[in-house]
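Heads up, the thing below is written out as structure tokens.
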Number of protein chains: 2
Amino acid sequence: MSTRDAIVAAAGDLLDEAGPEAVTLRGVAQRVGLSHNAPYKHFADKEALLAAVATAELRRRADAPRPERGEPLAILKRMLRDNVRWAVRHPARFKLTFGSWTRHDKDLGEAAHAARKRFVEAVAAAQAGGALPPGDPERVSAMLLALGHGAADLALGGHLSREGKGRADPEDLVDDLFDLLERAAPRGTP
Amino acid sequence: MSTRDAIVAAAGDLLDEAGPEAVTLRGVAQRVGLSHNAPYKHFADKEALLAAVATAELRRRADAPRPERGEPLAILKRMLRDNVRWAVRHPARFKLTFGSWTRHDKDLGEAAHAARKRFVEAVAAAQAGGALPPGDPERVSAMLLALGHGAADLALGGHLSREGKGRADPEDLVDDLFDLLERAAPRGTP
DNA sequence: ACCTGAACACCGTTCAAGT
DNA sequence: ACCTGAACACCGTTCAAGT
């Protein structure tokens with residue numbers, strides 16, 4: 001493992017263990033066993049390091065072995081539910097990956113584009129089978145991803161009622177939207 | 001205006017003008033014309049000040065005069081579109097208000113609860129008129145708010161395709177979800 | 001009750017220097 | 001090519017002291 005990779009891994013570990021405010025260049029360097037400014041030999045600044053962490057996270061999730069068996073709609077549902085579960089379980093990685101990047105990082109842009117492309121293709125496959133309503137698959141994808149993203153983010157902030165009758169997990173809301181879409185689909189349940 | 005209010009206002013202005021990283025206790029104090037640690041006489045720490053900024057923002061939006069004329073569904077649509085427009089236009093205030101609050105702030109919790117309550121009531125009114133599908137209004141509210149929140153957040157991060165055929169404004173996605181809901185409503189268009 | 005000024009530990013970043 | 005150590009400006013926070 002290169003020093004660069006070790007720095008990225010250490011930053012990711014710190015993120016998981018102690019949250020984003022614990023990810024300091026000094027702390028990362030110490031964890032790898034380097035002097036406090038060794039990271040500057042591998043990254044232009046802190047933001048570039050964080051972009052590398054986000055890129056690694058997107059690639060890791062893309063390379064994860066997925067059993068893509070079953071109906072297209074079932075595969076799509078699994079993808080979105082996985083997204084939401086990952087966001088809720090790794091809030092810091094989720095917020096970092098989908099945060100606002102002031103500078104455009106080429107690798108990060110490509111990794112994010114590839115991830116979205118896979119999702120759009122899954123939507124198109126479900127549409128082709130008549131399990132989802134027709135229309136621009138990018139548009140339907142955006143709706144699904146926005147709901148998943150928002151449900152996860154609101155849940156993380158404690159803005160989704162967790163008790164009583166209004167109780168709704170992020171995954172429940174994803175299911176609700178799929179129900180609506182199936183109802184409007186050519187082959188959907190009426 | 002009390003010193004406390006002046007500090008909150010200055011923090012909010014800094015947020016709008018230069019983003020969250022520009023909101024330092026020292027910068028806020030300087031803007032009000034106080035010494036660098038005068039804010040500590042009014043707030044326990046920086047997080048308490050930020051909670052006060054978020055609370056003020058929620059109350060300001062709640063007190064804004066709204067023409068609540070028209071059908072319940074139209075009123076509800078306007079509420080959610082306003083939310084999304086506000087989020088896109090004031091990203092820093094939006095992210096602050098709906099971020100994760102590690103400590104529970106009583107005022108902020110109450111203001112957020114009041115805002116959500118108004119929204120749930122608007123949903124219930126639209127359901128009562130048959131313009132939305134029946135079911136727990138808190139659940140339907142959560143779905144609408146999650147989609148609006150996610151669409152705004154993704155758009156702010158540049159994760160919503162802004163060009164070509166897949167182009168989708170956050171408000172477009174809100175409209176798409178309303179279309180699906182209306183289609184499933186008792187009095188909806190088939 | 002409210003404010004000031006000095007001080008501390010910490011952080012991102014830069015620079016000169018080492019191998 | 002990669003790393004170290006000193007230094008700078010900045011930040012949140014604390015403390016003793018002032019009115």
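The basis for the numbers below is simple: all heavy atoms, side chains too, and nothing from hydrogens, waters or symmetry mates. A note on names: the letters A, B, ... follow the listed sequences, proteins ahead of strands, and every chain is numbered from 1.
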Checklist entry - Is the CD atom of A:Glu71 crowded by more than 12 outside heavy atoms at less than 6.0 Å? => result no
Checklist entry - Taking everything shown except A:Gln30 itself, do over 12 heavy atoms lie less than 6.0 Å from its CD? => result no
Which nucleotide sits closest to the side chain of [X]: [options]?
| X | options | value |
| --- | --- | --- |
| A:Asn37 | C:dC15, C:dT4, C:dC3 | C:dC15 |
| A:Arg26 | C:dC3, C:dG12, D:dT13 | C:dG12 |
| A:Tyr40 | C:dT14, D:dC3, C:dC3 | C:dT14 |
| A:Ser35 | C:dC3, D:dC3, D:dG12 | D:dC3 |
| A:Leu25 | D:dC3, C:dG12, D:dG12 | C:dG12 |

Checklist entry - Are any of the side-chain nitrogens in B:Arg60 or B:Glu57 under 4.0 Å away from the carboxylate oxygens of its partner? => result yes
Checklist outcome for this item: Stems field, DNA chain D, Watson-Crick or wobble, 3.5 Å, at least 3 pairs, by first number, holds C:4-8 with D:12-16, C:12-16 with D:4-8
Checklist entry - Does any N or O in the side chain of A:Asp105 come within less than 3.5 Å of the main-chain N or O of A:Leu108, such that one atom is a donor and the other an acceptor? => result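 Pair found, side chain donor or acceptor close to backbone of A:Leu108.
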Next on the checklist: OP1 or OP2 of D:dC3 versus the side-chain N and O atoms of A:Thr3: is any pair under 4.0 Å?
Outcome noted: yes
Next on the checklist: Please tell me if A:Lys41 has a side-chain N or O lying less than 4.0 Å from either OP1 or OP2 of D:dC3.
Outcome noted: no
Measure the distance from [atom1] on [X] to [atom2] on [N] and round it to the nearest whole Å.
| X | N | atom1 | atom2 | value |
| --- | --- | --- | --- | --- |
| B:Asp45 | D:dG12 | CG | C1' | 9 Å |
| B:Gln30 | C:dG5 | CD | P | 13 Å |
| B:Leu49 | D:dT13 | CG | P | 10 Å |
| A:Lys46 | D:dC11 | NZ | C1' | 13 Å |
| A:Phe43 | D:dC3 | CZ | P | 11 Å |

Next on the checklist: Among residues at least two apart in sequence or on other chains, which ones pass ring pair (Phe, Tyr, Trp, His ring centres under 6.0 Å) with A:His159?
Outcome noted: B:Phe98
Checklist entry - Among side-chain atoms of A:Asn83 and A:Arg61, is any donor-acceptor pair under 3.5 angstrom? => result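 There is such a pair (donor and acceptor under 3.5 Å, judged by atom type) between the side chains of A:Asn83 and A:Arg61.
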Checklist entry - Hey, mind stepping through A:Lys95 and B:Ser100 against side chain to side chain donor-acceptor pair (under 3.5 Å) and telling me if it holds? => result CA-CA 11 Å; A:Lys95 298 207 177 196; B:Ser100 318; 3.0 Å; yes
Next on the checklist: Please give me the minimum heavy-atom distance between B:Gln127 and B:Gly135, naming the atom from each residue.
Outcome noted: NE2-O, 2.9 Å
Checklist outcome for this item: Result for 5'-nearest mapping on DNA chain D, choosing between B:His36 and A:His36, is A:His36
Next on the checklist: Can you pull out the residues from residues 4-19 of chain A that lie within a 4.0 Å heavy-atom distance of DNA chain C?
Outcome noted: none
Checklist entry - Base, sugar-phosphate alone, or nothing: which one does A:Thr24 contact when heavy atoms must sit under 4.0 Å apart? => result sugar-phosphate
Item to check | Aromatic A:Trp86 / basic A:Arg93 pairing, under 6.0 angstrom, 45° off normal | outcome: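 No, A:Arg93 and A:Trp86 do not form such a contact.
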